[in-house]
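Report on the following structure.
Atoms within each ligand, like the ligands themselves, are counted from 1 in listed order. Here, residue 1 is the first one in the sequence, and each next residue gets the next number. It should be emphasised that the depicted structure is a prediction, and the values quoted were computed from it without experimental measurement.
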Amino acid sequence: SKIEGKNQFQIYSPDMNLNSFKMFTLKNDLKKALVKEEFLIYFQPRINPLTFELTGAEALMRWNHRKWGIVSPIDFISLAEESGLIVKMGEWLLREVCRQIKGWLEQSINFEKISINISSLQLFQSDFVQTVSTILNEEGVDSSYLEFEITESVIIDREEHVLKTLKELKSMGIALALDDFGTGYSSLNYLRKLPCDTIKIDKSLINDILSNNETYDIFEATIRLCHKLNKSVVVEGIETYEQLSIIQKLDCKEFQGYLCSKPLKQEKFLEFLHLGKWT
Ligand code: C2E
Ligand code: CA
Ligand code: CA
Ligand code: CA
């Protein structure tokens, strides 16, 4: 009948076919991507909102797929977590970031830290701290140049093991940041529990800050709370000068956002590093 025909059309829309076909092939190709060296690292500058100086960057993974081109981590990180491949990918990322850091330091370039995202599956590995320590030693990079970004979801399972691991990383000299703050369930409890020095405020908290008074009040109170707990605040997703002027008043230490820069390829980021400043 006509009605069935219409439903079928909705289910098999060309758009959905392409997307599910893409996810299907990505899942299959992910296993080979590491060996084929198809992963890339982009760097998004972290900027001091008052001086516009570059403090460092967040390393973000990209996949240069031979058929689909540059694939976003939104499309492959969860696949990598489901299959467990994220553990090896994370090791590769850490080693590559260490090599970059070493190269920049050899050129006498000045920066504070490079942060990398750590998946909960990595923290669940019993040898994670040992692996990190081995990579840092082999690459000859000082732990003080690194920050690990974690989300509060890490603590939902195996709380004791995760807290122990985080404390060990911290005592090794690696800075810890709580990522995506303001998006989870019981954030206030984790703010106290997790041994993080830095809180990264999620983009969703500043999205409609200029058009909505309540949103502004929540944002301001969140930042005050972080400061009261002696946490340094990074605001993510700054896209306008109006948003920038708000965080300048609220004494945030750093921001990231398209207003200043999208995540950049290594060569482009190197130019930024040489300038040392957002101009
Ligand atoms: P995230 O850690 O919250 O990273 C920030 C994301 O926000 C990045 O997307 C960045 O490009 C985007 N962003 C930054 N500024 C703006 C802005 O002003 N406006 C908008 N609309 N977006 C902005 P990206 O690179 O696509 O990464 C997405 C997520 O993928 C990351 O979110 C992180 O959860 C995950 N991810 C990326 N690389 C890795 C990795 O190496 N390991 C793990 N475990 N996860 C990763
Ligand atoms: Ca992050
Ligand atoms: Ca984030
Ligand atoms: Ca995220």
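Taking every non-hydrogen atom of P73 and a distance limit under 4.0 Å, the qualifying atoms of ligand 1 come out as 24 (P), 25 (O), 26 (O), 27 (O), 28 (C), 30 (O), 36 (N), 37 (C). In the vicinity of P263, heavy-atom distances shorter than 4.0 Å reach the ligand 1 atoms 11 (O). Within ligand 1, counting atoms from 1 as listed, the ones closer than 4.0 Å to a heavy atom of L93 are 41 (O). Set against the non-hydrogen atoms of S119, the atoms of ligand 1 under 4.0 Å away are 44 (N). The distance from ligand 1 to the heavy atoms of E58 drops below 4.0 Å at these ligand atoms: 2 (O), 4 (O). In summary, the atoms of ligand 1 found under 4.0 Å from a heavy atom of I238, numbered by their order in the structure, are 18 (O). Close contacts between ligand 1 and E239 involve ligand atoms 17 (C), 18 (O), 19 (N), 20 (C), 21 (N) [criterion: under 4.0 Å to a heavy atom]. Of all atoms in ligand 1, listed by their number and element, those nearer than 4.0 Å to a heavy atom of G257 are 15 (N), 18 (O).
Using a 4.0 Å heavy-atom cutoff, Q256 is absent from the residues neighbouring ligand 1.
A donor-acceptor pair is defined here as one N or O able to donate and one able to accept, closer than 3.5 Å; no such pair exists between the side chain of D180 and the backbone of T183. The backbone N or O of T51 sits less than 3.5 Å from a side-chain atom of K277, completing a donor-acceptor pair. In this structure, the side chain of H161 engages the main chain of L123 through a donor-acceptor pair within 3.5 Å. The backbone N or O of I118 lies less than 3.5 Å from no partner atom in the side chain of Q122, so there is not a single donor-acceptor pair. Checking side-chain atoms of E37 against main-chain N and O of A33 turns up no donor-acceptor pair under 3.5 Å.
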Derivation and outcome, ring-ring contact (aromatic ring centres under 6.0 Å, His included), residues W68 and F76: CA-CA 12 Å; W68 302 107; F76 68 83; over 10 Å; no
Any chance you could lay out the ring-ring contact (aromatic ring centres under 6.0 Å, His included) test for F111 and Y145, step after step, and finish with the verdict? CA-CA 8 Å; F111 61 93; Y145 289 108; 5.6 Å; yes
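When the options E81, E236, Q44, E149 are ranked by their closest heavy atom to atom 15 (N) of ligand 1, first place goes to Q44. Nearest to atom 13 (N) of ligand 1 by heavy-atom distance, out of F255, F76, Y258, is Y258.
Going from atom NZ of K228 over to atom CG of N230 covers 11.0 Å, rounded to the nearest 0.5 Å.
Nearest N, O or S atom of E58 to the Ca ion (ligand 2): atom OE2. Among heteroatoms of the N, O or S kind in D179, OD1 lies nearest the Ca ion (ligand 3).
Under the 4.0 Å criterion applied to side-chain N and carboxylate O atoms, D29 and K36 are not assigned as salt-bridge partners. Using a cut-off of 4.0 Å between Lys/Arg side-chain N and Asp/Glu carboxylate O, E139 and R99 are scored as salt-bridged.
Not one N/O/S atom of E149, from backbone or side chain, sits under 3.0 Å from the Ca ion (ligand 3). Among the backbone and side-chain atoms of S115, none of the N, O or S atoms lies under 3.0 Å from the Ca ion (ligand 2).
For ligand 1, the polar-atom distance check finds an N/O of R62 within less than 3.5 Å of one of the ligand's N/O atoms. For ligand 1, none of its N or O atoms has an N or O atom of Q122 under 3.5 Å away. An N or O contact shorter than 3.5 Å links D180 to ligand 1 by distance. Below 3.5 Å of separation, one finds an N or O of M61 facing an N or O of ligand 1.
With sequence neighbours left out, the side chain to side chain donor-acceptor pair (under 3.5 Å) criterion links W92 to no other residue.
Angle OE1 (E236) to the Ca ion (ligand 3) to OD1 (D180): 120°, rounded to 10°.
Within the structure, salt bridge (Lys or Arg N to Asp or Glu O under 4.0 Å) pairs that include any residue of residues 244-260 comprise R46-E254, D251-K253 (at least two apart or interchain).
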